Amino acid sequence: MRNVVEVNNIQKVYGKKGDSLSRALNGISFDIADGEFVGIMGPSGSGKTTLLNVISTLDRATDGIVEVAGKNITKMNATQLADFRAKTLGFIFQDFNLLENLSVYENIALPLSLQGQSAKQIRAKVLKVAKTLDIEAIIEKYPSQVSGGQKQRAAAARALVHEPAIILADEPTGALDSKNAKSMLEAMQELNEKQDVSILMVTHDAYSASYCKRILFIRDGQLFTEIHRTDSRQQFYKQILDILAELGASQDME
Ligand SMILES: Nc1ncnc2c1ncn2[C@@H]1O[C@H](COP(=O)(O)OP(=O)(O)OP(=O)(O)O)[C@@H](O)[C@H]1O
Ligand SMILES: [Mg+2]
């Protein structure tokens, strides 16, 4: 199976020469096969966000090679990166990032409008993805008029509408209550299982992580271990908690 992401010996050092340097990533390598649902976990400050930002082209690695959808992103210039991001990647952030003065429909349509697709093409694609995420009924509303869970599913629809090679999610359930978090995770699971969408998700939450099929644990900017889901989600959840305890990153009661 083709790899959608290949990360090769990535280093990321923050700070200029002479200042105190902070080594956020210290030689991380892994692949993500097409159609995988992979989680990244690890203690606070271990490098999770840095790693996601490097893969999502929002930040540059100091050393190493990252390939996404067969393209070496570490070699691209700013214009190429912007174009690559718009076509190949889908983002879901913790705080939704919907534009308040656009309707849900217009928000979802945005990546296609930016590509200059026709209104007719756009309509068909937006309605299809809205159906998948069960937000057809609220599509003409504005973000301020819908619930947190609906907002996050609208953000997921926007991340998906241009059929990206991979969805990159940073704490996608972080701002949701447990009921909405569950429906968001179920929607992501369905996208992954029924539509073969590849997903990479950073989360500090073991419950959210239990929806992944594979989890990479990082510590001090290095790969600590990885686990695959072979059993039930409940079993996987327990296994995740054990590793977090070993990592000294036990779940605080939130
Ligand atoms: N812009 C920056 N400048 C300097 N150091 C940074 C910068 N961003 C992150 N770091 C450092 O790099 C390391 C990794 O940070 P990162 O944000 O990737 O951690 P994280 O695993 O996402 O943590 P959290 O769970 O708290 O979100 C930390 O030591 C952090 O202080
Ligand atoms: Mg982080």
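For ligands, and for the atoms within them, numbers begin at 1 and follow the listed sequence. What you are looking at is a predicted structure, and each value in this text was computed from that prediction instead of being measured. Residues: numbered from 1 along the sequence shown.
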| Taking the six-membered ring of Tyr14 as reference, does the NZ or CZ atom of Arg23 fall below 6.0 Å from its centre and within a 45° cone about the axis? | no
| query | Got a second to check how far Thr173's OG1 is from Asn180's CG, nearest 0.5 Å? | reply | 10.5 Å
| query | Any side-chain donor paired with an acceptor under 3.5 Å for His204 and Glu171? | reply | yes
| note | For the Mg ion (ligand 2), protein N, O or S atoms at a distance below 2.8 Å amount to 1
| message | I'd like to know if the side chain of Asp205 pairs up with that of Thr203 as donor and acceptor (distance under 3.5 Å, no hydrogens or angles considered). | response | no
| note | Separation between CG (Leu191) and CG (Asp196), nearest 0.5 Å, reads 10.5 Å
| query | How far does OH of Tyr105 sit from CD1 of Ile139, to the nearest 0.5 angstrom? | reply | 7.0 Å
| query | What residues come within 4.0 Å of ligand 1, counting heavy atoms only? | reply | Tyr14, Ser22, Ala24, Pro43, Ser44, Gly45, Ser46, Gly47, Lys48, Thr49, Thr50
| Asp83 side chain to Thr79 main-chain N or O, any donor-acceptor pair under 3.5 Å? | no
| Are a donor atom and an acceptor atom from the side chains of Thr74 and Arg60 found within less than 3.5 Å of each other? | no
| field | pair Thr49-Leu52: side-chain heavy atoms closer than 4.5 Å | value | no
